Enquirer: 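This structure is in structure tokens; I'll ask about it shortly.
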Amino acid sequence: MTGIHSQGEKHLVLISGRAYPRLAKEVAEELGIEVLPTTAYDFANGEIYVRFSESVRGADAFVIQSHTTPINQWIVEQLIMVDALKRASAKRITVVMPFFPYARQDKKHRGREPISARLMADLFRTAGANRVMSVDLHTAQLQGFFDGPVDHLWAMPILTDYVRARVDTSNCTVVSPDAGRIRVAEKWAAKLGGGPLAFIHKTRDITRPNQAVANRVVGDVEGRSCVLVDDLIDTGGTITEAVRVLMAEGAKDVIVAATHGVLSDPATQRLAECGAREVIVTDTLPIEPEKRFENLTVLPIAPLLARAIREVFDDGSVTSLFDGNS
């Protein structure tokens, strides 16, 4: 026999940044463990310090951070945590980022622009991450930016299970907020009984962030319940304009469903007043009490993250969580 064979068992640790500790705690509860005790604080000039209170040598480490406001601070903190894990001899480091930062900057629209989403992937790889886990990437090709395994989780089953109980699927149209997300809308329609599709024709000024104009609806929405689906809601301009156009075209009512509730001002006011029957998001990002409104529903993402983490730890199949085939 050559070499030495260890008799030790695999060891999973879950580490949380300071952006959204409640989500990490909920994931830990689903896994039946506790979050690793960590010391983290800021120096007077804004520099971040991190130290883990227990050994992580040889561990399968999952470091979770939700990139909410102030997004750049939480990115740097997670990078520093990954570096600390690498230098503490963690065996494998998985970066769990429910909301991938800078995902909308995934290509160049004009000359002399960055591809910031690729930069994010490079930074985490350089810091020492072996693997990335994220929920509903803005575009699927983001997986190719990271030089290593990427677990792309879908919140669609969580959202569709809830929406199915809220609409008459025999009189339902799934609506994409633009032509680029028709493929996602097709999957939604299949989950909701195979009803018709529609999309909003819109124009966007690429020189102005968070600005889009919804022009008209392409598809049959008159007298039908519309499920308007998107990956994220930031300031709410695109979604609320789409709701307005759908109602003007004779839609019976509109339910909005999105994975990531960024909800930058003035999203809360816009969504509360836009006329949508219900706005549904998951809690991949923290939604503080002041951002909530009467017809907002927030669905938990922790069970999905916990199941995916367990599959990775057990060298199982993350894909089996969505298609049933291991």
Side-chain angles (χ1 to χ4, degrees), residues 135-136 138 154-204 212-263 266-285 287 291-301 304 322:
V135 182
D136 283 352
H138 188 59
W154 296 351
M156 187 183 298
I158 298 170
L159 292 165
T160 54
D161 284 351
Y162 178 84
V163 170
R164 194 180 295 112
R166 303 289 291 163
V167 298
D168 177 5
T169 55
S170 66
N171 187 43
C172 173
T173 296
V174 176
V175 183
S176 170
D178 54 51
R181 299 195 68 80
I182 283 291
R183 287 287 297 161
V184 174
E186 287 177 344
K187 294 176 182 177
W188 265 84
K191 293 283 188 180
L192 295 179
L197 296 173
F199 72 90
I200 307 295
H201 178 268
K202 71 178 184 180
T203 55
R204 182 182 296 277
V213 177
N215 296 316
R216 59 190 177 89
V217 180
V218 180
D220 180 22
V221 300
E222 186 173 359
R224 302 181 67 84
S225 292
C226 293
V227 180
L228 180 61
V229 298
D230 208 350
D231 63 319
L232 65 91
I233 304 174
D234 191 353
T235 61
T238 296
I239 288 293
T240 53
E241 277 289 298
V243 172
R244 178 186 61 79
V245 171
L246 289 169
M247 297 302 291
E249 290 289 327
K252 177 183 176 183
D253 54 29
V254 181
I255 288 179
V256 175
T259 302
H260 309 293
V262 181
L263 302 187
T268 295
Q269 181 179 354
R270 284 174 169 174
L271 292 167
E273 299 173 354
C274 72
R277 174 156 67 94
E278 189 172 4
V279 178
I280 307 157
V281 297
T282 73
D283 61 352
T284 55
L285 294 166
I287 301 176
K291 289 187 176 183
R292 296 180 181 243
F293 49 96
E294 185 177 0
N295 58 335
L296 176 70
T297 298
V298 182
L299 303 178
I301 201 69
L304 173 62
F322 306 104

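Remember, it's a predicted structure, so these values are computed and weren't measured experimentally. Both backbone and side-chain heavy atoms feed into the values below; hydrogens, waters and symmetry mates do not. Counting from 1, the numbers follow the sequence of the chain as shown.
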Enquirer: To the nearest 0.5 Å, how far apart are CD1 in I200 and CG in L228?
Expert: 6.5 Å
Enquirer: If you count every heavy atom of other residues, nucleotides or ligands that lies below 6.0 Å from K191 atom NZ, does the total exceed 12?
Expert: no
Enquirer: For R181, is there any backbone N or O sitting under 3.5 Å from a side-chain donor or acceptor partner on D178?
Expert: yes
Enquirer: Would you please name every residue forming a side chain to side chain donor-acceptor pair (under 3.5 Å) with T240, sequence neighbours left out?
Expert: none
Enquirer: Would you find a donor on one side and an acceptor on the other, under 3.5 Å apart, between the side chain of N171 and the backbone of G223?
Expert: yes
Enquirer: Do the non-hydrogen side-chain atoms of W154 and L159 ever get within less than 4.5 Å of each other?
Expert: no
Enquirer: Could you check whether any side-chain heavy atom of L263 comes within less than 4.5 Å of a side-chain heavy atom of L271, counting everything from C-beta outward?
Expert: yes
Enquirer: For N295, which residues count as a side chain to side chain donor-acceptor pair (under 3.5 Å) partner, sequence neighbours excluded?
Expert: none
Enquirer: What pairs with T282 under side chain to side chain donor-acceptor pair (under 3.5 Å), at least two apart in sequence or on another chain?
Expert: none
Enquirer: Which atoms form the tightest heavy-atom contact between V243 and C274, and what is the distance?
Expert: CG1-O, 3.5 Å
Enquirer: Nearest 0.5 angstrom please: R166 CZ to T160 OG1, how far?
Expert: 15.0 Å
Enquirer: Looking at S176 and A185, what are the two nearest heavy atoms and their distance?
Expert: CB-CB, 4.0 Å
Enquirer: Show the nearest heavy-atom pair for residues T238 and P177, with the distance to one decimal.
Expert: CG2-CB, 4.3 Å
Enquirer: Do T259 and V135 have side-chain heavy atoms sitting under 4.5 Å apart?
Expert: yes
Enquirer: Who passes salt bridge (Lys or Arg N to Asp or Glu O under 4.0 Å) against D220, sequence neighbours left out?
Expert: none
Enquirer: Any idea which heavy atoms bring V175 and C226 closest together, and the distance?
Expert: CG2-CB, 3.9 Å
Enquirer: Taking it one step at a time, do L304 and F322 satisfy side chain to side chain contact (heavy atoms under 4.5 Å, CB included)?
Expert: CA-CA 10 Å; L304 173 62; F322 306 104; 3.9 Å; yes
Enquirer: Could you pull out all residues at least two apart from D283 that satisfy side chain to side chain donor-acceptor pair (under 3.5 Å)?
Expert: none
Enquirer: Measuring from R270:CZ to T235:OG1, what's the distance to the nearest 0.5 Å?
Expert: 4.5 Å
Enquirer: Quick one: list whatever passes side chain to side chain contact (heavy atoms under 4.5 Å, CB included) with E186, sequence neighbours left out.
Expert: I182, R183, L197
Enquirer: Using only atom types and a distance under 3.5 Å, with no angle test, would you say the side chain of H138 pairs donor to acceptor with the backbone of L232?
Expert: no
Enquirer: Please confirm whether the backbone N or O of I287 pairs with a side-chain atom of R292, one donor and one acceptor, at under 3.5 Å?
Expert: yes
Enquirer: Only pairs under 3.5 Å count here: list side-chain donor-acceptor contacts from residues 247-257, not counting sequence neighbours, and write none if there are none.
Expert:
residue	atom	partner	partner atom	Å
D253	OD1	S225	OG	2.9
D253	OD2	R277	NE	3.2

Enquirer: About how many Å separate SG of C172 and CZ of R164, when rounded to the nearest 0.5 Å?
Expert: 10.5 Å
Enquirer: Only counting residues at least two apart or in another chain, list the ones meeting side chain to side chain contact (heavy atoms under 4.5 Å, CB included) with T297.
Expert: Y162, E278, I280, L299
Enquirer: So V184 and D230, side chain to side chain contact (heavy atoms under 4.5 Å, CB included) or not? Walk me through it.
Expert: CA-CA 8 Å; V184 174; D230 208 350; over 6 Å; no
